[in-house]
Amino acid sequence: MSMAFAVVILFLALNLGVGLYRPKAVRLADKQKTGQNAEGVISDYYTAGRTISTWIMGLTVAATIISGGSLIATPSLIYAKGLVGAAWQNNGLWYGVLGTAVLGKRFTTLGNRFKVSSIPELLGIRFGQSARRITGIMIVVILFANISTQFSGSARVIESVSGWSYAACIILIGVIMTLYISFGGAKAQSWTNVLQAGFMTFGLVLIAVVVLSKLGLVNMITTMDSIDPELVRMPGVDNYLSIPRFISYGLCLMAVVGIGQPSAQSRFLATKPGTSFKPAIIFGSIAILIWYPCMYVAGAAAKCLLPNLNSPDLAFPQLALTQLHPLLAGVCLAGVLGATMSTATALVLTASASITNDIASGAVRRMSPRGIKILLIVSTLVVSLGGVLMAIDPPELLMTLSTLATGSMGCAFTPMFLGMAYFPGTTKAGALSGGILGAGIVLVGHLNPAWTNPLGFHVIGWGLILGTLVTIVVSKLTKHSQEEVIEPFYTDGMVIEVEKG
């Protein structure tokens with residue numbers, strides 16, 4: 001066993017230990033507080049009994065957003081297209097911060113006001129139970145491709161240092177993540193995210209410091225210029241970053257669409273009520289401000305030191321393996337693994353909540369508390385194992401659909417979330433029609449060869465713009481249905497009891 005692989009195995013063991021032990025300790029301490037009724041069981045599992053502090057929440061949201069795809073794709077983008085990739089990815093610097101600042105406090109307030117355990121449940125109270133089930137189905141359908149890709153990314157990291165077969169690596173990572181997220185729920189996800197964020201930070205800072213000390217920043221840029229002048233000039237290699245492309249795809253996907261990710265926003269439902277959100281914004285911002293510049297340096301250094309890689313996606317892993325001691329290379333790759341694991345567990349938990357707490361909510365709440373607890377664990381097991389099975393032999397279009405999952409999800413839910421949180425005039429018809437249209441435009445526009453990106457805007461930009469316009473127009477033309485709850489959403493301090501469907 002190589003030293004790098006030994007570090008990765010140790011990292012996996014730490015995640016399993018923290019994910020299984022820490023939630024158990026917290027659950028025992030909070031037993032009297034959460035109670036043994038159905039609502040207490042569901043709240044404890046999906047929102048950690050609303051006991052997560054805001055500093056942990058900030059790191060959790062940041063770690064969820066920075067997936068393994070970001071840690072691999074960002075250096076890969078710099079390697080292939082040049083320093084313009086940094087301008088493109090800079091939108092990610094305020095991706096999570098924007099979501100936390102715009103919706104974090106609001107979702108925490110509403111989550112505690114209505115005692116909900118999932119985002120569709122909150123949407124169901126505001127727009128009606130049919131909206132709850134429709135949005136629950138949308139979340140499950142869109143998330144599955146992304147879940148599979150995160151499992152696949154985790155397996156590729158292990159494969160690169162172990163020499164094992166891809167299938168064996170998928171089984172290993174699948175068993176570990178399935179165990180701790182299924183039995184630990186939101187508490188396991190939050191505490192393992194803190195561990196994963198620590199490894200991500202250490203690994204990224206380490207590799208940035210090592211390559212900068214070896215090359216120097218100015219020499220790095222000069223070397224890139226000698227390889228290809230387009231690497232250090234706008235708009236980059238192959239005219240990569242045009243202004244319309246930057247605005248429509250960069251800003252919409254990496255920033256505005258960041259507001260509309262249920263897997264990230266649902267974490268705010270687990271936050272302690274009445275706490276300041278400054279720590280979440282501060283800790284999340286610091287983490288992201290460290291991670292992204294280090295990724296830029298890694299991509300540029302890989303181009304200078306390893307200019308002839310077969311694939312740009314190998315830039316970060318090969319840089320770590322060739323420039324660092326095997327022990328430190330293992331730490332770096334554990335950071336990549338942590339990024340994929342943090343995102344995968346958030347997606348699995350969100351999909352599981354949509355199935356048991358929203359799509360089948362009526363039947364679930366007629367069960368005994370013990371039966372509900374077993375069902376929640378089984379639901380999460382099924383979702384997680386489904387992702388593993390899809391990742392073992394992924395469909396041909398899985399990676400393409402996964403890339404679009406974030407965009408289609410954001411186009412569907414950004415107008416819906418903002419309308420629910422801040423605009424009383426938003427109706428159920430407006431929210432659902434705009435959300436379905438936005439997601440549909442992204443999927444159809446990408447899969448349809450005839451789509452030409454009008455005005456140079458990426459399809460995700462059009463999905464967000466048209467989805468938002470339809471939400472506004474339809475809301476103006478329709479009335480609120482009788483099942484919608486309006487005033488309590490916009491009256492500070494009002495706490496009411498809402499019958500759960």
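Here the structure is a predicted model, which means the values were calculated and not measured.
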What do the steps show when you test F413 against L123 for side chain to side chain contact (heavy atoms under 4.5 Å, CB included), and what is the final call? CA-CA 10 Å; F413 286 98; L123 289 167; 4.0 Å; yes
For a side chain to side chain donor-acceptor pair (under 3.5 Å) check, start with the C-alpha distance between S118 and N357, then their side-chain angles and the critical distance, and finish with the verdict. CA-CA 7 Å; S118 68; N357 192 56; 3.0 Å; yes
Should S475 and T426 be marked as a side chain to side chain donor-acceptor pair (under 3.5 Å) after you check the CA-CA gap, both sets of side-chain angles, and the distance that decides it? CA-CA 5 Å; S475 293; T426 307; 4.8 Å; no
Under the side chain to side chain contact (heavy atoms under 4.5 Å, CB included) rule, what do T135 and D358 come out as? Steps first, then yes or no, please. CA-CA 9 Å; T135 54; D358 302 306; over 6 Å; no
Please walk me through it: do M200 and W291 pass side chain to side chain contact (heavy atoms under 4.5 Å, CB included)? CA-CA 8 Å; M200 288 163 60; W291 294 338; 3.9 Å; yes
Test side chain to side chain donor-acceptor pair (under 3.5 Å) on T478 and K428; report intermediate values, then the result. CA-CA 9 Å; T478 57; K428 177 175 75 173; over 6 Å; no
I'd like to know whether I78 forms a side chain to side chain contact (heavy atoms under 4.5 Å, CB included) with V84, so could you lay out the CA-CA distance, the side-chain angles of the two residues, the decisive distance to 0.1 Å, and finally the verdict. CA-CA 7 Å; I78 304 293; V84 295; over 6 Å; no
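In plain terms, the two heavy atoms of N15 and Y180 that are nearest each other are O-CD2, 3.9 Å. The two atoms that bring G435 and T471 nearest to each other are N-OG1, 4.4 Å, heavy atoms only. Closest approach of F114 and I125 over heavy atoms only: CB-CD1, 3.7 Å. Looking at every heavy atom in both residues, I142 comes nearest to S408 through CG2-OG, 3.7 Å. Across Y79 and A315, no two heavy atoms sit closer than the pair CD1-CB, 4.0 Å. Of all the heavy atoms in A334 and F199, the pair that sits closest is CB-CD2, 3.7 Å.
For the atom pair CG of L77 and CG of L83, the computed distance is 10.5 Å after rounding to the nearest 0.5 Å. Atom OG1 of T74 sits about 9.5 Å away from atom CG of L204, to the nearest 0.5 Å. How far CD1 of I359 is from CZ of R132: 10.5 Å, rounded to the nearest 0.5 Å. Rounded to the nearest 0.5 Å, atoms CE (M416) and CD1 (I119) are 11.5 Å apart. In this structure, CD1 in I436 is found 12.5 Å from CD1 in I441, a value given to the nearest 0.5 Å. From C332, atom SG reaches atom CZ of F316 across 5.0 Å, with rounding to the nearest 0.5 Å.
Taking 4.0 Å as the cut-off between side-chain N and carboxylate O, D238 and K81 count as a salt-bridged pair.
For the side-chain contact (heavy atoms from CB on, under 4.5 Å) with L381, the lone residue among L376, T178, V348, L179 that qualifies is T178. Each of S352, S182, S354 was evaluated against S379; a single residue qualifies, S352, per the side chain to side chain donor-acceptor pair (under 3.5 Å) test.
Listed for the H480 side chain is no donor-acceptor partner under 3.5 Å among the backbone atoms of F127. A distance-only check finds a donor-acceptor pair linking the side chain of E121 to the backbone of S117 [under 3.5 Å].
Side-chain atoms of F417 and P262, non-hydrogen and from C-beta on, do get closer than 4.5 Å to each other. The side-chain heavy atoms of T414 and L464, taken from C-beta on, include a pair separated by under 4.5 Å. Proximity of S384 to F151: side-chain heavy atoms (C-beta onward) are separated by under 4.5 Å at one or more points.
In this view, S154 and I173, M177, L337, T340, M341 satisfy the side chain to side chain contact (heavy atoms under 4.5 Å, CB included) rule, not counting sequence neighbours.
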